Amino acid sequence: MPTTPATTANSSSNGTAEEIMLELVDESGNTIGTAEKLSAHQAPGKLHRAFSVFLFDSTGKLLLQRRALGKYHSPGVWSNTCCGHPYPGESPFAAAARRTHEELGVSPSLLAEAGTVRYNHPDPDSGLVEQEYNHLFVGLVQAPVQADPEEVYETAFVSPQELTALHERATFSAWFMTVLDAARPAVRELTGPAAGW
């Protein structure tokens with residue numbers, strides 16, 4: 001993986017992981033400080049910056065990922081293409097592109113901003129809380145997915161109808177429908193009316 005200022009600042013020379021820091025924000029999305037990742041998610045949660053990516057193939061199907069079973073937060077559940085947190089000082093756009101490549105082995109095409117959404121979603125299984133000011137992005141995926149198994153258990157491309165069917169029989173992340181609904185106008189603009197989003 002190419003080394004960027006963000007990855008350099010958050011890894012040590014011997015390869016061991018250091019604390020991952022997140023940006024704390026106010027209700028308008030202005031940075032007000034930082035907090036360690038796990039502490040920001042412990043109840044009642046600290047409002048922090050996040051991003052969510054929705055990538056589509058050439059037929060307008062959405063790329064979903066099922067989170068790896070070893071994740072400390074929401075393991076084994078289905079969610080949007082990629083989500084995460086910018087490092088302090090990293091732009092949400094750069095973080096979204098970086099994490100999509102790290103998790104799925106693809107670089108998004110035509111990645112575009114799709115607004116923001118603020119939410120508070122407790123996870124009943126872990127007791128952790130998603131208090132997030134989330135930057136939304138939509139784009140295309142035009143290369144084969146090569147998911148990192150430490151991050152992603154499996155992937156699937158789904159139409160709106162297939163998503164509905166999967167949602168009825170599988171568990172999704174607590175935030176999934178909130179971020180998808182907030183991104184729908186940009187999704188429709190990207191995929192066109194025939195895709196049905």
Side-chain angles (χ1 to χ4, degrees), residues 17 20 22 35-57 60-86 92 95-106 108 114-139 141 144-184 186-187 191 196-197:
I20 296 175
L22 309 183
E36 189 276 325
K37 182 178 178 181
L38 182 57
S39 72
H41 290 87
Q42 291 172 334
K46 298 174 183 169
L47 184 59
H48 58 276
R49 193 176 311 284
F51 64 83
S52 289
V53 177
F54 297 86
L55 297 184
F56 297 83
D57 69 10
K61 288 190 172 187
L62 171 61
L63 173 58
L64 297 177
Q65 71 157 273
R66 186 173 171 212
R67 294 164 62 84
L69 302 181
K71 290 251 190 195
Y72 78 91
H73 189 353
S74 302
V77 304
W78 287 96
S79 198
N80 49 294
T81 308
C82 181
C83 54
H85 310 91
R98 172 180 58 80
R99 282 304 289 164
T100 301
H101 188 268
E102 289 171 356
E103 291 187 9
L104 297 163
V106 294
T116 59
V117 62
R118 192 261 195 253
Y119 52 78
N120 176 1
H121 286 302
D123 175 29
D125 293 329
S126 67
L128 299 174
V129 178
E130 290 289 4
Q131 282 266 24
E132 293 188 330
Y133 187 92
N134 198 310
H135 297 256
L136 308 171
F137 298 92
V138 299
V141 58
V145 173
Q146 298 177 344
D148 177 351
E150 292 188 14
E151 298 287 345
V152 179
Y153 184 75
E154 63 182 311
T155 61
F157 284 92
V158 297
S159 67
Q161 297 78 15
E162 291 165 336
L163 175 60
T164 298
L166 181 62
H167 201 265
E168 289 174 355
R169 68 176 191 270
T171 304
F172 276 71
S173 62
W175 61 87
F176 175 74
M177 287 309 300
T178 300
V179 292
L180 176 59
D181 287 344
R184 277 187 199 274
V187 167
T191 60
W197 293 102

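All of these numbers come straight from a predicted model, not from anything done at the bench.
Shown here for T81 and L104, the closest heavy-atom pair between the two residues is O-CD1, 3.3 Å. Of all heavy-atom pairs spanning P149 and A68, the tightest one is O-CB, 3.7 Å. Between A183 and L136, the shortest heavy-atom distance links the atoms N-CD1, 3.8 Å. The two residues G76 and L69 have their closest heavy-atom pair at CA-CD2, 3.6 Å. Contact detail for V129 and P44: the closest heavy-atom pair is CG1-O, 3.5 Å. Listed here is the closest heavy atom pair of A95 and P86: CB-CA, 3.6 Å.
Residues C82 and E151 have side chains not in contact (no heavy-atom distance under 4.5 Å, counting atoms from C-beta outward). Side-chain contact between E130 and H48: present, with at least one pair of heavy atoms (C-beta onward) separated by less than 4.5 Å. D57 places none of its side-chain heavy atoms less than 4.5 Å from the side chain of L63. For the pair V187/L62, no side-chain contact is recorded, criterion being any heavy-atom separation below 4.5 Å from C-beta on. The closest side-chain heavy-atom distance from F137 to P108 is not below 4.5 Å. Here the side chains of L64 and L163 are in contact, with some heavy-atom distance below 4.5 Å. Using a 4.5 Å heavy-atom cutoff, the side chains of H167 and W78 are not in contact. Taking 4.5 Å as the limit, some side-chain heavy atom of T116 sits within range of a side-chain heavy atom of H135.
In this structure a side-chain-to-backbone donor-acceptor pair under 3.5 Å is missing from N134 to Y119. Judged by distance alone, the side chain of R67 and the main-chain N or O of P75 form no donor-acceptor pair under 3.5 Å. When atom types are taken as modelled, the side chain of N80 and the backbone of V53 share a donor-acceptor pair closer than 3.5 angstrom. Between the side chain of H41 and the backbone N or O of K37, at least one donor-acceptor pair lies under 3.5 Å. A donor-acceptor contact shorter than 3.5 Å is absent between the side chain of R99 and the backbone of G84.
Rounded to the nearest 0.5 angstrom, S159 OG and F56 CZ are separated by 11.5 Å. In this structure, the separation between CG on L47 and CD on Q131 is 6.0 Å, given to the nearest 0.5 Å. Remark: F157 CZ to K61 NZ distance equals 9.5 Å, nearest 0.5 Å. K71 NZ to S173 OG: the interatomic distance, rounded to the nearest 0.5 Å, is 11.5 Å. The distance from atom CD of E36 to atom CD of Q42, rounded to the nearest 0.5 Å, is 7.5 Å. Note that CD of E103 and CZ of R98 are 9.5 Å apart. Values are rounded to the nearest 0.5 Å.
When the options H121, K46, H85, R118 are evaluated for a side chain to side chain donor-acceptor pair (under 3.5 Å) with E132, the one that passes is H85.
Using cut-offs of 30° and 60° for the angle between ring planes, the F172 and F176 rings count as tilted.
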